[in-house]
K.L.:
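Structure incoming, see below.
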Amino acid sequence: MNDKMDKIEDDGLTYKGVGNFFRIALFFGVLLALFLGLILAGTSWWVMRRTGSEFWVKFLEENCNCRCQIDDTKLSLFSSPAKLIFEGVRIAPRDTEVGKPLKERIPLAEGVAPIVIPQVVLEIELDNLLSKQLLIHRLKILAPEIREQQDDQGRSTLSALFQRPATGVSESTAPPVKADVVQSFHATMPEREYLNSVSQASHSGYNFGVTEAYLHSGHLMIMSKDVTVQFTDLDIKLNGIDVNTDDLEIHDRIHATVRSRIQVGGQARIGGVKRPAELADLQFKAEGDMVPFSQKSGIWAPSTTLKLTLNRGSVLAGHITMGDVAGKEIKKLQEYGVDLAPLQIGGALLEPTVIKGVFANNRLTLLSESRFIFPEYEVLIEENSWINGVQDQHEMDLHLSCGGALQARLKQGVANAKLGDALSHSVINALLDRRGRMTFDIESKGSLDDPQVRPKLDRVLKNLISGENLGNLLQGLLKKL
């Protein structure tokens, strides 16, 4: 009996010991969780104190000629890397509220800020903050609404916001940001090595670096005197960032990819009267390498070498006819039965179009020829042609090659002109290219909404005076006399 009691007591002590162990473990677990929570709260407080709304507003306003407003700032420490999230970001022209504590400022009125961003997310490494280096793995700008006004010289209201403020200098004449205020660094972290990234030192002594940047679902409106350009569903990715301002000759590159829809509206001369018209409605994607700074002056002056693809179904022009823009020149061709007056310029693309060029100062210059396939014809635009949508200017050399139906109509027109068989044959042959298609060489320049268009006759004249065409031409002219 005593043996059984001893056994029970031993078992009881065993069960009691196990229970005590779990109680102690639970106590230390709760204590550890509280300690971890305090660490996270302390870390969050420390980070927010140094990189919260006040910090970023001050940083932007110290380095740019603008006012910044941030509605809320959050920090997520449970992701790797950590995420710093800003909500309700607004950037507006500099005003008298700049310099005041955020709590004492009058909020920006609706519609005042040309840049409104619902959310900005920074993925950051916290340990680098100790050495005053804020490395941003990814910068995500979500659904921004951006409005820009440009004058006749292409000067932007947005560029004025991002100039450095200067004491005693008006906002409109503040000097542009130069590369000497930008530094770059190469950061090595555990199991990861980062590319050189664009970075900048603020008055707080922090260095800032960005490895990748994204803009998602943006809306950008650019307004000038006669033209409004809208980018919708705008997605931009910047990576391959390599900017070292101590050696811009080698380190001055950013790789960019862009996808968007662009709509261009303006005034166009239709039937001799200027009217509102849609000049373009394009779906496109582009990829290229950007040189952010001028290597000579060190001033921010981005130039991008790109490959741009216009999707099938994109609409380019199509609102005016050849008769609207080239009346006098068209009449010369009509004497030979070639009537291009009703021909619509542009329209919907039947195939994707690839454009390779350089984009700088709002001007796109072609590096190689580009082919556009429209319903009735195709257009080949020569290398070195250029277009500036903001300044509403362009200069292009084009070759318009007729499709089957259009070529048949033009041939019938020549036949109906009663030039005689010899001259009719000569006129048609003079217009043929190497593929046997009637082709018109055209020069277009000046305003996009009221272009100066004229046929170039060099190739036609060369064809007329070569081989049998000369004989046919002389024979036809003699009969006409």
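Predicted, not measured: the structure shown is a model, and the values here were computed from it.
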K.L.:
Taking side chain as C-beta onward, heavy atoms only, is Glu382 less than 4.5 Å from His399?
P.N.:
yes
K.L.:
Under a 4.0 Å threshold between the charged nitrogen and the carboxylate oxygen, would Glu212 count as salt-bridged to Arg138?
P.N.:
yes
K.L.:
Taking atom OG1 of Thr353 and atom CG of Leu316, what is their separation to the nearest 0.5 Å?
P.N.:
8.5 Å
K.L.:
I'd like to know whether Phe440 forms a side chain to side chain contact (heavy atoms under 4.5 Å, CB included) with Leu343, so could you lay out the CA-CA distance, the side-chain angles of the two residues, the decisive distance to 0.1 Å, and finally the verdict.
P.N.:
CA-CA 12 Å; Phe440 300 88; Leu343 186 64; over 6 Å; no
K.L.:
Applying side chain to side chain contact (heavy atoms under 4.5 Å, CB included) to Trp56 and Leu122, what does each step give before you reach the verdict?
P.N.:
CA-CA 12 Å; Trp56 286 100; Leu122 307 182; 3.6 Å; yes
K.L.:
Quick check: does any side chain N or O of Tyr377 sit under 3.5 Å from a backbone N or O of Gly404, one acting as donor and the other as acceptor?
P.N.:
no
K.L.:
With the side chain counted from C-beta on, respond yes when Val358 and Ser303 share a heavy-atom pair under 4.5 Å apart, and no when they do not.
P.N.:
yes
K.L.:
Taking the side chain as C-beta and beyond, is there a heavy-atom pair between Leu340 and Leu400 under 4.5 Å?
P.N.:
no
K.L.:
Where do Leu161 and Pro93 come nearest, in terms of heavy atoms and distance?
P.N.:
CD2-CA, 3.5 Å
K.L.:
When rounded to the nearest 0.5 angstrom, what distance separates CD1 in Ile146 from CD1 in Ile141?
P.N.:
7.5 Å
K.L.:
Go through the structure and list residues passing side-chain contact (heavy atoms from CB on, under 4.5 Å) with Arg435, not counting sequence neighbours.
P.N.:
Arg371, Glu378, Ser401, Asp433, Arg437
K.L.:
A quick test of your reading: do over 12 heavy atoms of other residues, nucleotides or ligands sit less than 6.0 Å from CZ of Arg312?
P.N.:
no
K.L.:
How about NE2 on His216, more than 12 heavy atoms from neighbouring residues, nucleotides or ligands closer than 6.0 Å, or not?
P.N.:
no
K.L.:
Show, in sequence, the C-alpha distance, side-chain angles and deciding distance for His255 and Asn239, and conclude whether the side chain to side chain donor-acceptor pair (under 3.5 Å) test is met.
P.N.:
CA-CA 5 Å; His255 185 73; Asn239 60 1; 4.7 Å; no
K.L.:
How would you list, by chain and number, every residue that makes a ring-ring contact (aromatic ring centres under 6.0 Å, His included) with Phe359, sequence neighbours excluded?
P.N.:
none
K.L.:
Got Val258 and Leu234 here, is their nearest side-chain heavy-atom distance under 4.5 Å?
P.N.:
yes
K.L.:
Please find the pair of heavy atoms, one from Gly347 and one from Phe374, that lie closest to each other, and give the distance.
P.N.:
O-CE2, 3.4 Å
K.L.:
Can you give me the closest heavy-atom contact between His394 and Ser444, atom names plus distance?
P.N.:
NE2-OG, 2.6 Å
K.L.:
Find the distance between CD1 (Ile428) and CE (Met438) and round it off to the nearest 0.5 Å.
P.N.:
6.0 Å
K.L.:
What is the minimum heavy-atom distance between Cys68 and Val57, and which atoms define it?
P.N.:
O-CG1, 3.7 Å
K.L.:
Any side-chain heavy atom of Val338 within less than 4.5 Å of one from Val414?
P.N.:
yes
K.L.:
Quick one: does any side-chain atom of Asn311 pair with a main-chain N or O of Phe284 as donor and acceptor, under 3.5 Å?
P.N.:
no
K.L.:
Assess whether a salt bridge exists between Glu123 and Lys140, defined as any Lys/Arg side-chain N lying under 4.0 Å from an Asp/Glu carboxylate O.
P.N.:
yes
K.L.:
Which heavy atom in Leu366 sits nearest to a heavy atom in Ile381, and how many Å separate them?
P.N.:
CD1-CG2, 3.6 Å
K.L.:
Would you say that more than 12 heavy atoms from the other residues, nucleotides or ligands in this model lie under 6.0 Å from the CD of Gln119, or not?
P.N.:
yes
K.L.:
Is there a donor-acceptor pair under 3.5 Å between the side chain of Arg94 and the backbone N or O of Glu61?
P.N.:
yes
K.L.:
To the nearest 0.5 Å, how far apart are CZ in Arg253 and CG in Leu248?
P.N.:
9.5 Å
K.L.:
Might you point out which heavy atoms bring Ser53 and Asp72 nearest each other, and give the distance in Å?
P.N.:
OG-C, 4.4 Å
K.L.:
Calculate, to the nearest 0.5 Å, the distance between atoms CG and CG belonging to Leu215 and Leu139 respectively.
P.N.:
9.0 Å
K.L.:
Taking only residues two or more places apart in sequence or in another chain, which ones pass ring-ring contact (aromatic ring centres under 6.0 Å, His included) with Phe372?
P.N.:
none
K.L.:
Just wondering, are more than 12 heavy atoms of other shown residues or ligands nearer than 6.0 Å to CZ in Arg147?
P.N.:
yes
K.L.:
Quick check: do Gln230 and His219 have side-chain heavy atoms less than 4.5 Å from each other?
P.N.:
yes
K.L.:
If you draw a 6.0 Å radius around CG in Asp71, do more than 12 non-hydrogen atoms from other residues or ligands fall strictly inside?
P.N.:
yes
K.L.:
Before accepting this row, confirm whether a basic side-chain N of the pair Arg261/Asp233 lies closer than 4.0 Å to the acidic partner's carboxylate O.
P.N.:
no
K.L.:
Would you indicate whether the side-chain heavy atoms of Ser217 and Leu142 approach each other to under 4.5 Å?
P.N.:
no
K.L.:
Using side-chain heavy atoms (C-beta onward) and a distance below 4.5 Å, is Glu278 in contact with Gln263?
P.N.:
yes
K.L.:
Between Leu431 and Gln407, does the side chain to side chain contact (heavy atoms under 4.5 Å, CB included) criterion hold? Intermediate values first, please.
P.N.:
CA-CA 11 Å; Leu431 292 170; Gln407 184 155 318; over 6 Å; no
K.L.:
What is the distance from atom CD of Gln283 to atom CD1 of Ile262, rounded to the nearest 0.5 Å?
P.N.:
11.0 Å
K.L.:
Donor-acceptor check, side chain of Thr321 to backbone of Gln344, threshold 3.5 angstrom: yes or no?
P.N.:
no
K.L.:
Whether the side chain of Thr157 engages the backbone of Gln149 through a donor-acceptor N/O pair (distance < 3.5 Å, no angle test) should be reported.
P.N.:
yes
K.L.:
Could you walk me through whether Thr257 and Lys285 pass the side chain to side chain contact (heavy atoms under 4.5 Å, CB included) test, one step at a time?
P.N.:
CA-CA 8 Å; Thr257 56; Lys285 59 182 179 180; over 6 Å; no
K.L.:
Less than 4.0 angstrom from a charged side-chain N to a carboxylate O is my criterion; do Asp339 and Arg409 meet it?
P.N.:
no
